[in-house]
Each structure stands twice: as C-alpha cells, then as structure tokens.
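In what follows, a single structure is set out as structure tokens and then discussed.
The figures that follow rest on heavy atoms only: side chains count, while hydrogens, waters and symmetry mates do not. As the structure is a computational prediction, the values presented were derived from the model and not from experiment.
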4 protein chains.
Amino acid sequence: MPRTEEQYKDIRGQKIALIKETALGLFAEKGFSSTPISAIAKKAGISKGLIYNYFTNKEDLIGKIMLEGIDEFMSVYDPKTEEAISEAKFKYFIDQTFEILKQNLDFWKLYFLVMMQPEVMKLVENKLMEYLLPFLDALSNYFESRGFENPMAHARLLGAILDGVSLNYIVDPVSFPIDDIKKLIIDKFL
Amino acid sequence: MPRTEEQYKDIRGQKIALIKETALGLFAEKGFSSTPISAIAKKAGISKGLIYNYFTNKEDLIGKIMLEGIDEFMSVYDPKTEEAISEAKFKYFIDQTFEILKQNLDFWKLYFLVMMQPEVMKLVENKLMEYLLPFLDALSNYFESRGFENPMAHARLLGAILDGVSLNYIVDPVSFPIDDIKKLIIDKFL
Amino acid sequence: MPRTEEQYKDIRGQKIALIKETALGLFAEKGFSSTPISAIAKKAGISKGLIYNYFTNKEDLIGKIMLEGIDEFMSVYDPKTEEAISEAKFKYFIDQTFEILKQNLDFWKLYFLVMMQPEVMKLVENKLMEYLLPFLDALSNYFESRGFENPMAHARLLGAILDGVSLNYIVDPVSFPIDDIKKLIIDKFL
Amino acid sequence: MPRTEEQYKDIRGQKIALIKETALGLFAEKGFSSTPISAIAKKAGISKGLIYNYFTNKEDLIGKIMLEGIDEFMSVYDPKTEEAISEAKFKYFIDQTFEILKQNLDFWKLYFLVMMQPEVMKLVENKLMEYLLPFLDALSNYFESRGFENPMAHARLLGAILDGVSLNYIVDPVSFPIDDIKKLIIDKFL
DNA sequence: CATGAATGAGCATTCATTCAT
DNA sequence: AATGAATGAATGCTCATTCAT
C-alpha cells in the first residue's frame, strides 16, 4: 500500500529535523569544515545521499540550520512592538536571553562560529539584520524612555554585552559566573 | 663560501615575518581551513616548500601567529602590577584596548576565529590564561578598591564587554559607534 | 530504490579483489614506495578515491595483500599435524613449495620485499609467526624421526634454503636451474 | 696558507667515507626511500649541499656504497684461482662468509634490500656478475673435483643457501642458530 | 524515499635537487 | 670545500557531490 502524500510529508519533516539536529551537534563540536557530510550521515543513521535529497549542499544545510535557529529564538521576543518597552518587559527580555543561551549552547556556539566566517555569514546576514534592526530600535526606544542619553549607543552596547557574555559563557560554561553577571547587567541598564 | 650565521638568521627572520603577516591577512579574511598553504605562498611570492622550512605544519603556523600576537598586545599592559590600579590607569587601559583593537583588526578577527575552534584554541589556551588570569585579578583589585561589590564578577563582566564590543566592531567596523561606546563603558565602570 | 545488501557485497568484493591484484603486480614490479596509489588506480581503471573506500591507507593495502597471500599458501600445508611427517609427505611438501613459488612469482617478490622493510614487516610479523612456528616444529619432528641430529637446526636450515632458492629464482627465473636444485634438496634431506 | 692538493684530497676522502658510512647505517635501518638526504646530512653533521658535491644524486650514493661493499668483501676471496679449491680452502671460504656476514650486518641488510629493488639493482648488477660468475665457477670446479654430480647445480645451490641463511640471520640475528647451521652446511658439502 | 559505490578536485606535506654566497 | 635557503614536482589522503539502482 503506497503511503499517502501526508505520510510522505511527515517522513520528510522528521528526516529533515533529524539531519539538522545531528549536523548542529557536530558543527558545534568540531567546526563546520571539520565535519564531513559522511559523519553527519553516520551519526544520524542514514545515507549520505539522503542528505542531498533535502539540502542542495553543505552550505545550504548550515544556512538552514542557522535560519531556523534565528527564527526560533527571535519568536520569543515580540519584535513588532513599536511603543517603548516597560521595565518589567526589559527585565523579562534579559532573563529570556540568558535562558535561551543556556538551553541552546550548541546553537550559540555555531552562531559565533558562523559570525566569524564570511562565507557562511553572507547566507544569514540578511535574515539576521531583519530581526536585529527592529530589535535595536526597540532597545533604543526603551533607553530613550528611561532618559538615557545617546540611546542608540546604549542599545548597541547592550547588544555587544550580550554577545560578549554569551561568548565567554560558551567558551567556559563551568567557571563563568553567568548569574552574577546577569544581575550586574540588569542593575546597570534598568 | 657559505654566508655567516648572522646573514642566515637575517634571511630567516625576514621570511618568517613575511609568512606570518601574509598568513594572518588571509586567515582573517577567509578563515583558517579555507586558506590553503598554497594561497599564502602565492601571495607572499614564495614557494609552498619554504613555509615548511620555518613551520612544521599549518597548525604550527597559526599557533605561532597567535602567540606572537598575544605577546605583543599584552606587553602594552603591565600585568605584574599587584597594587590596585588608579582611576587614570584604568582609563588609560580602556583607551589602549580600543586603540590596539583598531590598529590590529586582522589579528583580532583571527583571535575570535580561533577562540571558536577547539583544535587551534588548545595550542594557545595556556599562553592566553597566563596573561588573562593576572589581568582579571588586576581588574578585580581595581573594582574592589573602588568599592564595587562582587569585584571579580565585575572584572569578568568588563572582560566580556570588551570581547563583545570588539566582536561587533570587527564584524561591522563602519557603522558600529565604537567611540561613543567607549565613553559609555568608562562612565559605567569608573 | 537501493540495491540489496547482497548486491553491494558483490560489488565490494569484486572491486577489492581487483585492487589487490593490481596493487600486487605493481608493488612486485616497482616496489612499495615507488608505486603511487594513483598508478594502481589508473591501471585498475578506477579512481584513487575508491581505493580509500576499501583500504584505510597504503599500508593497510599492502598489509591485507600480504595476509591474504600468507593465508592462501599456508592452507596448502596442514599445519596442525602433530605426528611426524612421512617421507612421502615431506617430498610432497617440497614439491608443493616449488610449485607455489613458480605460480605466484609476484606474491613472492613482494614477500621478500616486505621482509626487508621493517615498517611493513611489523604489520605481518605476527600472522607469519603463527604459521611459521608450527611449520618449523613439524619439520623438526620429521628430522628427529629420521634420526638427524640437532633436528631444529636442520629445520631452520631447510627453511633458510627454501628462502634462498626462492630468492635466487625470483631474481633470475630464466637461468636459475630450479628443477635440478629441487632434486638436490630432496636428496640431501630425505 | 692554502691547503695543498694532497690535503684537499684527504678531506675529500674522509668526507666521502663519512657520508657513505652514515648513509649505509640509515638505509639499512629505515630503507632507501624512507631515508631523506637531509637525515644523512644531519646525522653526519654536514650540509645537504655537501653530499651533492661528492655524489650526483641519491641513486649514485647508494650505488657507490654497494659497489664499495662488494669490492671489499670480494677481495677476501681470491676469485682468480682457476684450479680447483682444496677442502681446506673450501672450509675457510665458508668460515669467512659467515664471519663477514656477522661483521657487516648493515651492509648485508642493504644488499638484500637492493636485490629486491629493480631500479637500484641495475646499478650494481654488472659489477655483481663480474664477481659472482667466476665465484660460481670456482665452486663448480670444487664440486667436480670432489666427485659431486651436476657440479654447477651444486654451486648455485650453495650460493642460494648462503643467501637464505644470511637473510634469516639478518631478519632475526638473536634466535637464528647460525653457528649450528654453519656446521651442517660444511658437513653436507665437504 | 533511500542507498552507498564512485568520482576527482583539492590540499597538506615531503624531499631531491639547485644555487647564490 | 661548504652552507642552507629556496624550489616545485610528487604523492597520500579527504570529502563534497553525483548517480545508477
């Protein structure tokens, strides 16, 4: 009995998810160019050929992993808010950022890896900007409403701080005092 | 009649410097594994083989570039100070950090690239820690003397901030408002 | 629709045999290190890469050729006989040795080549000893039963003679009087 | 004060000898193609370039080592004897053969290595035959005078035996019972 | 949808050899 | 006579990608 169109779609969806997950883990652990497609196939228990059924090439694979990841974590924020964020919302935003970081360490490793690699970065740049710009605007509005001078510089500084803290936590998750640091950040920007 | 040992040393020194410089530029631009040794040789106007006269392999090359870079910029600070840093010195330190960043963009690109690559990171880790730990201690002492609570967290936060700011500046040197941000940092930590 | 496991196994088996055969011929003719993998691939009409699908590296290839060869020719003898060999059996053994030598000249060339190369020898040493020791024991028993004094020395001498004769025949198969020499050996040791 | 022609010749002679000796040791230990010229230079404490002052290339070097070795050990025998060898002389010859083998293990390792490598063998073949043929003739005469039938086959057999015994001793000098075996050979051919 | 055999371009690395000094 | 910097051809090996089944 042939499978229905629906069933096929399910299988495809599951396989695609499996491949992305497996690849994410390996990319984060070994790096992009040190992870052969064959290693992904092996760890996922599928054939190399199957990966090429779903992704046109290795770059497409990492590109789609990145885009999905960006979508996922950006959906947590409500980037369409145009009015200024409240204090409570700001605090919630900082909390969420750290929570997401802790729970998706692999993705964030990959994120920073990719940021440093011009070739892959190009694949993601547009999408990233699409989210980042309204996000910086929202922060800027918040700082303006709180009476900070040069609010856009504050917004970019906070963005940079979150990058720097994430980076340090990723490189050394054991001894980096992330919770203490979260408090300091909230103190300084609330 | 062979050249004197002195002459040979000169030649070696010049070639080694040329190779390191060229490699640094290419690594920073294309990434480590996307830069073939042949590309370095070509750009430096020498043969592939010559690179292997001076460096045992590609990893040795990047390792030595990193170590030299770390030595160079660390020599700017006086990491042996044990008494607390003065306000003026602290300000000078922040200034210097930004100055060095601006003047060695390629090296810092490579630095962040390497931080994300476990294999290469291992080659440099020890040397880095040798400098970073006394450095964090000095910062911590400064914060303690200024009456900040949890001074070590403050030190690590400042370290992370400098990482994050550098990273943002490296990725987008044109529009990142680095001078405004320097002022904000000094305000917040003085 | 993928091929059945059976079909894949067939393909693999055939290709592995083809590669081994081709490599044996070239190794015997040119020597191990003077035979590039590319030459084997070319002569076998396949790509370099395919060889690495079946053998982890060049040493693995020669190692497996040697092991297979040793297994093959040792299966001719019955190394598990524990009682003394009869005269007829001894004669048959000498005959067989010369027959095998004549029919597998390439393999024996390679065998002596390998004996002289410490690196490759190590790959095969254990397997070889596994066969050679019982074999020398059997010969020793034979000489003892025939009343020869110092039977183990006789066994090792005979082993050495077979090596020496093989070597001379390999180097100069045209003019070396191998059949006459076989008779002399049988006369001297019967 | 410039050196006299004589002194230069001395230096040349000493350096040539040093290079040959050093190369022989390394070739025997590692094999011909696994021994870089640079390794010879390093071990001899001279420069690579100097080796090329005395030998046109690597093959020339091994060729000259082989030729010198052959000359040296052949001078022990008196290959110009045309009358049949006496029993005493035969015994002395066997003794000498084993003595020389024991004292020049490195050379003999190289000798067998070279015999298996067609390219290098060609360089030596003629010289070798120049010695070997009269040598086999002398042996043949000896066997004829002692009433052995098919004396040339006996001569070639003895040659092969000496090869085989040497080979076994070279591969495993510790446990091969070379002295017992010498006695057996003398018994069988006297 | 799924497989894995097959390809070949690409790359790190080695090393014999040359040559200016 | 002696040095060692420099070259570049050669080679082992990897891996993204294709494709017949």
For this session: Using atom CD of B:E5 as one end and atom P of F:dT3 as the other, report the distance to the nearest whole Å.
Result: 12 Å

Exercise. Are A:Y111 and A:L128 close enough that some pair of their side-chain heavy atoms sits under 4.5 Å apart?
Worked result: yes

Problem set entry | Partner residues of D:Y52 under the ring-ring contact (aromatic ring centres under 6.0 Å, His included) criterion, sequence neighbours left out | none

Seminar exercise, completed: Among the nucleotides E:dC11, E:dT7, E:dA16, whichever has the atom closest to the side chain of C:I46 is E:dT7

For this session: For A:S33, report the nucleic acid contact type (base, sugar-phosphate, nothing); a contact means any heavy atom under 4.0 Å.
Result: nothing

Distance-only donor-acceptor hits, side chain of residues 54-71 of chain B, under 3.5 Å, sequence neighbours excluded:
unit_1, atom_1, unit_2, atom_2, d
B:N57, OD1, B:E59, N, 3.2
B:N57, OD1, B:D60, N, 2.8
B:K58, NZ, B:F32, O, 3.0
B:K58, NZ, B:T35, O, 2.9
B:D60, OD1, B:K64, NZ, 3.4
B:D60, OD2, B:T56, N, 3.0
B:D60, OD2, B:K64, NZ, 3.1
B:E68, OE2, B:K20, NZ, 3.1
B:D71, OD1, B:Y131, OH, 2.5

Problem set entry | Nearest-0.5 Å distance, CG of residue D:L50 to CD1 of residue D:I40 | 12.5 Å

Problem set entry | First encountered from the 5' end of DNA chain F, between C:I37 and B:R12 | B:R12

For this session: Can you measure from CE (B:M115) to CD (B:E125) and round to the nearest 0.5 angstrom?
Result: 9.5 Å

For this session: Measure the distance from NZ on C:K42 to P on F:dA10 and round it to the nearest whole Å.
Result: 12 Å

Exercise. Can you name the residues that form a ring-ring contact (aromatic ring centres under 6.0 Å, His included) with A:F73, not counting sequence neighbours?
Worked result: A:W108

Exercise. Just how far is it from atom CD1 of D:I170 to atom CG of D:L105, taken to the nearest 0.5 Å?
Worked result: 6.0 Å

Problem set entry | Atom-to-atom span, CZ of B:R3 to C1' of F:dA1 - whole angstrom | 16 Å

For this session: Pick base, sugar-phosphate or nothing for A:S34, based on heavy-atom distances below 4.0 Å to the nucleic acid.
Result: nothing

Exercise. To the nearest angstrom, how far is C:I40 atom CD1 from F:dG12 atom C1'?
Worked result: 11 Å

Problem set entry | Residues from residues 16-31 of chain C lying under 4.0 Å of DNA chain F - heavy atoms | none

Problem set entry | Inter-residue atom distance C:E6.CD - C:I11.CD1, 0.5 Å rounding | 11.0 Å

Problem set entry | Side chain B:Q7, main chain B:T4, donor-acceptor under 3.5 Å | yes

Problem set entry | Under the 3.5 Å Watson-Crick or G-U criterion, the dot-bracket string of DNA chain F, with | for inter-strand pairs | .||||||||||||||||||||

Exercise. Heavy atom of residues 47-58 of chain A under 4.0 Å from DNA chain F: which residues?
Worked result: A:K48, A:Y52, A:N57, A:K58

Exercise. To the nearest 0.5 Å, how far apart are CG in C:L24 and CG in C:D106?
Worked result: 5.0 Å

For this session: Take the protein atom CG of B:D60 and the nucleotide atom P of E:dA12, then report the distance between them rounded to whole Å.
Result: 14 Å

Problem set entry | Protein-nucleotide distance (B:Y8, atom OH; F:dA6, atom P), rounded to Å | 10 Å

For this session: Would you kindly give the CG-to-P distance between A:L61 and F:dT17, to the nearest whole Å?
Result: 10 Å

Exercise. Relative to the 5' end of DNA chain E, which residue comes earlier, B:F32 or C:K9, by the nucleotide with the nearest heavy atom?
Worked result: C:K9

Exercise. Counting any heavy atom closer than 4.0 Å, what does C:T4 reach on the DNA or RNA strands: base, sugar-phosphate only, or nothing?
Worked result: nothing

For this session: Examine distances only and state if a side-chain atom of C:Q117 and a backbone atom of C:V114 form a donor-acceptor pair shorter than 3.5 Å.
Result: no

Exercise. Which one, E:dT3, E:dC15, F:dA5, comes nearest to the side chain of B:I11?
Worked result: F:dA5

For this session: Kindly compute the distance separating OG (D:S38) from NZ (D:K43), expressed to the nearest 0.5 Å.
Result: 13.5 Å

Exercise. Can you check the D:I62 CD1 to E:dA16 C1' distance for me, whole Å?
Worked result: 15 Å

